[in-house]
Amino acid sequence: MRSISVSSPGKVILAGEHAVVHGQLGIWVAVDKRLSITVQSVDKGLKIASSHDSTELAHYAIMKIGEIFGENIDCLEINIDSTIPVGSGMGSSAALAVALTGALTKYYKKPWNIDFINETALTIERKQHGTPSGGDNKVVTLGGFLKFRRQQDGTAEFEKITNYRKIENLIVIDSGKPKETTKEMVEKVTELYKSDQARFSSIFSRIGDISQSFCDYIIKKNEVNVGELIGENHRLLCELEVVSPKAQDIIKKIEQVGGHAKISGAGGFKEGSGVLLAFHKEPEKLQYLAELEKWKIIPVTLGAEGVRED
Ligand code: MEV
């Protein structure tokens, strides 16, 4: 019986979510939570088992990959196992699309072509996200730190940052699962933009400047105030109406003890806004506050490896 295992990482966004859909720069980072796909041959049928609560997307993805590969996908058992929180802005659906494409690439002995895996995953992501920028699947494919900008014609300009300065004292806190999907949040921001293009262009462009400052910090090792950048990005995201009152309340409490935080991903407005990226010069103060408030901390290491055969 043949068996193949491929995994891909989750991600956080240092700066640039939403603005990147409108042509601005964003900084994506792969994290060491992974989604793993195991494919093995069986006598008949197609069986999908998942710890990841997304068999519907997996089924769609498998059919799409079969169509692209020109293979009738059958006589397979596919197991999905993941430690990436689902629907919380940590790239779980991109990781699923990328790892599945990678696993079926290996299973059907196609050439391991990272651009092809990324493009195929992006086709799948479009079902889930409508008009994704492509940053999520790019970073889970390549891993590490990624400078990413989508051009007006839809093509991506990106650079994997290989020689980077480590960003210390970042903590990921769960503000609760959003009620809305990424697609709904992206559409909501696009509607806002259409309602007042001058105002929202200027917000997007300020977010792009924050991404640029982070690049200068990480690559050129310029001195910047990381906390202030995160705080300003948070206020701009509030203007985009992607931060729920619940998440705003958590961030206010973080600011009261001298920290800063922002959403990471599409956010959410009615309930939770997914994961928050929080910063404090003395991170133990955030740990203490999180314990007191019973917030869930998701331990992550930044800069994880991209899609790989395990
Ligand atoms: C989602 O992780 C990030 C957004 O900017 C959407 C995208 O880039 O496709 C909200």
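Just so you know, residue 1 is the first one in the sequence shown, and it goes up from there.
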Report yes or no: is the cationic atom of K106 (NZ for Lys, CZ for Arg) under 6.0 Å from the centre of the six-membered ring of W112, at an angle within 45° of the ring normal?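 Because its charged atom sits under 6.0 Å from the ring centre and within 45° of the axis, K106 does stack over W112.
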Could you check whether R149 makes a cation-pi contact with F158, meaning its NZ or CZ is under 6.0 Å from the centre of the six-membered ring and within 45° of the ring axis?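 Cation-pi check for R149 and F158: fails.
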Run the ring pair (Phe, Tyr, Trp, His ring centres under 6.0 Å) check on F204 and H22 step by step: do they pass? CA-CA 7 Å; F204 295 147; H22 301 270; 4.3 Å; yes
Euclidean distance, F145 CZ relative to I218 CD1, rounded to 0.5 Å: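 If I round to the nearest 0.5 Å, the distance is 5.5 Å.
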What is the distance from atom CG of L276 to atom CD1 of I173, rounded to the nearest 0.5 Å?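 Between atom CG of L276 and atom CD1 of I173 there are 6.5 Å.
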Show the nearest heavy-atom pair for residues [X] and [Y], with the distance to one decimal.
X	Y	value
Y107	V39	CD1-CG1, 3.7 Å
P9	V31	CB-O, 3.3 Å
V86	K177	O-CE, 3.5 Å

Take K270 and S244 through the test side-chain contact (heavy atoms from CB on, under 4.5 Å) and record every step on the way to the result. CA-CA 6 Å; K270 292 188 196 120; S244 68; over 6 Å; no
Is there a path of hydrophobic side-chain contacts, each under 4.5 Å between heavy atoms of I/L/V/M/F/W/Y residues, joining [Y] to [X]?
X	Y	value
V42	I80	no
I298	Y288	no
I161	I210	yes

Working note: I37 + L35, criterion side-chain contact (heavy atoms from CB on, under 4.5 Å); need CA distance, chi angles, decisive distance, verdict. CA-CA 7 Å; I37 303 278; L35 179 141; 3.8 Å; yes
Check whether any side-chain N or O of [X] sits under 3.5 Å from a backbone N or O of [Y] as a donor-acceptor pair, and report yes or no.
X	Y	answer
S92	I84	no
E17	G265	yes
K33	P299	yes
T123	E119	yes
K246	S175	yes
S273	F269	no
N137	N118	yes
S8	V140	no
T155	Q151	no
T101	A99	no

Side-chain touch [X]/[Y], heavy atoms, less than 4.5 angstrom:
X	Y	result
I263	I13	no
I297	V172	no
V139	F148	no

Any side-chain donor paired with an acceptor under 3.5 Å for [X] and [Y]?
X	Y	answer
S36	D81	no
W295	D174	no
S50	T55	no

Thinking salt bridges, do [X] and [Y] make one under a 4.0 Å N-O criterion?
X	Y	answer
E223	R165	yes
K188	E180	no
K11	D136	yes
R150	E157	no
E71	K110	yes

Please check if atom CG in D153 has more than 12 non-hydrogen atoms from other residues, nucleotides or ligands closer than 6.0 Å.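 Atom CG in D153 is packed in, count exceeds 12.
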Full working for salt bridge (charged side-chain N to carboxylate O under 4.0 Å, His left out) between R235 and E255: CA-CA 12 Å; R235 274 174 279 290; E255 287 174 347; 3.4 Å; yes
Under the rule for side-chain hydrogen bond (donor to acceptor under 3.5 Å, both in side chains), what residues qualify as partners of S7, not counting sequence neighbours?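 Result, side-chain hydrogen bond (donor to acceptor under 3.5 Å, both in side chains) vs S7: R34, D310.
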I4 vs E309, side-chain contact (heavy atoms from CB on, under 4.5 Å): CA-CA, chis, key distance, verdict: CA-CA 8 Å; I4 302 281; E309 186 174 8; 4.2 Å; yes
